[in-house]
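A short write-up of the structure that comes next.
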Amino acid sequence: MPTYAIIGGQWGDEGKGKVVDFLSGRAHVVARFSGGNNAGHTVLNEQGEFRLHLVPCGIFWPDAKCVIGNGVVVDPNVLIEEIEGLQARGVDVSSLQVSDRAHVIMPYHIVLDKLEEQARGGSAIGTTERGIGPAYVDKTARSGIRMGDLLEPETLLERLHAVVPAKNALITKVYEGTPFDVDSLFAQCLEWREQLLPYIAAVEETVRSALKAGESVLLEGAQGTLLDLDHGTYPYVTSSNPTIGGASVGLGITPRSVEGVFGVYKAYSTRVGAGPIPTELNDEVGDEIRRRAWEYGTTTGRARRCGWFDAVAARYSQVVNGLTDAILTRLDVLDGMTPVQICVAYELDGKTIHDMPSRSSDLARCKPIYRSMSGWDTPTAGLTQWEDLPQEAKTYVEALQEAIGCPVSLISTGPNRHETILRTTMIPERS
Ligand code: IMP
């Protein structure tokens, strides 16, 4: 009963969509387990270019069942739009399931996310304003609406009557916003129910049965380890656990089923939103990386902050997740840049440290200590064989591997599915 997880090793946007699309060809089930439509995964394959926010990137493989687990928060409008968009382009979504335990992002969550961000002023987190945080707040406070509630209109109406007045009090009295009407929300829920009925299911059962039958399950992580609510750069984090522990809770599967934990890293660092990023380059090199790699958010379009590879943070992610393998993406972005730098330690208050501090205020004061390496002139873009990489690129990858603390088993050299160097089997072929 093997499970393999794809986990973001940095601050999200590591190129997990491309990797999941590539590896899904070997999986029976592909499952999202945390986050919501704050994620934006780009996939480029023979069927075209797609941007997915909720539907797992395995959807392009007809033999893979795609599921959205209980740990995900679902904006039904976004899910419906995504399903319809895929269908309009000839993609079969009939295997898709969304957990009846997954929490619904209600319209008031989106409004609250915006109002709370405005109220934070200068210390805003820079959320995606998709209602993610407020939806998880309600889940924890036990006042959330779940996908399964859409199936029982009477209970749903009772829950809305119990929950909405408190939300309205917050919206109107604290933030001076406009209240929501229970009847309109209920009507909206009934519309969602009509459209999503075929997809709402006991996903946990589906996944557990697959594991019992010896099928392989690919866990599609969203965001990244450094955005983890517990292990990331708090409070500049998302409201879920994108790390491996979140996968077990977010799908209801035993951690003992996990055979491979694959951490995805970009060959450099990026971050969108507020919070520390020690290797950030506020200069022409940072601009050049952003320009070459088109580092703008898939979900919000915001410019991403760019910097050199941070090996201190990368090793931290390896340890938090117990990564068995690393996956390196966007190596080609560094083609022709020399030197290339790897942050191997931080200087904090005059001392050299090799571990990530737990407080964001400390991390914000950390100055990177770099190892400088020669770049490479020959392009790596599109290569599919390790042997064909220029020697300097191989040396760079080997240095990253050493620093992260696990082998780099897959290298992505371009956005297309085939632009991939696979160095070990990683996941056995589907039987
Ligand atoms: P939220 O998840 O919308 O609440 O945003 C919290 C923080 O996580 C913000 O800094 C966002 O920019 C960041 N974030 C959330 N989702 C992603 C993602 O998929 N990629 C990169 N950053 C993200």
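No experiment lies behind these values; they were computed from the predicted model shown. For ligands, and for the atoms within them, numbers begin at 1 and follow the listed sequence.
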For [atom], find the nearest protein heavy atom and state the residue, atom name and distance (0.1 Å precision).
{"atom": "atom 13 (C) of ligand 1", "answer": "Leu227 CD1, 3.9 Å"}
{"atom": "atom 10 (O) of ligand 1", "answer": "Val272 O, 3.3 Å"}
{"atom": "atom 17 (C) of ligand 1", "answer": "Gln223 CG, 3.6 Å"}
{"atom": "atom 5 (O) of ligand 1", "answer": "Thr127 CA, 3.3 Å"}

**Message:** So does Lys65 get a backbone contact from the side chain of Ser95, meaning a donor-acceptor N/O pair under 3.5 Å?
**Reply:** no
Residues [X] and [Y] bridged, charged N to O under 4.0 Å:
{"X": "Lys18", "Y": "Asp21", "value": "no"}
{"X": "Lys266", "Y": "Asp13", "value": "no"}
{"X": "Arg146", "Y": "Asp149", "value": "no"}
{"X": "Lys114", "Y": "Glu117", "value": "no"}

**Asked** Between Arg271 and ligand 1, which part of the residue brings a heavy atom under 4.0 Å of the ligand: side chain, backbone, both or neither?
**Response** neither
**Trp11 contact mode with ligand 1 (heavy-atom cut-off under 4.0 Å)** =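 Looking at Trp11 and ligand 1, just backbone atoms fall under 4.0 Å.
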**Request:** Could you name the option among Gly126, Gly273, Gly8 that has the heavy atom nearest to atom 11 (C) of ligand 1?
**Result:**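 Selected option, by shortest heavy-atom distance: Gly126.
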**Request:** With atom 6 (C) of ligand 1 as the reference point, say which of Thr300, Thr128, Val237 has the nearest heavy atom.
**Result:** Val237
**Asked** Counting each atom of ligand 1 from 1 as listed, which ones have a heavy atom of Ala39 under 4.0 Å away?
**Response**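 In order of number, 19 (O).
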**Atom indices of ligand 1, in the order listed, that fall short of 4.0 Å to a heavy atom of Arg302** = 11 (C), 12 (O)
For ligand 1 and [X], I'd like to know whether there is a polar contact (N/O to N/O, distance under 3.5 Å).
{"X": "Thr238", "answer": "yes"}
{"X": "Gly40", "answer": "no"}
{"X": "Asp13", "answer": "yes"}

**Message:** Can you confirm if the aromatic rings of Tyr396 and Phe309 lie within a centre distance of less than 6.0 Å?
**Reply:** no
**Heavy-atom side-chain contact between Leu79 and Val55 under 4.5 Å** = yes
**Mutual orientation of the aromatic rings belonging to Phe180 and Tyr108 [parallel < 30°, tilted 30-60°, perpendicular > 60°]** = perpendicular
**Request:** Sort out for me which residue in Thr127, Thr300, Thr238 forms a side chain to side chain donor-acceptor pair (under 3.5 Å) with Asn38.
**Result:** Thr238
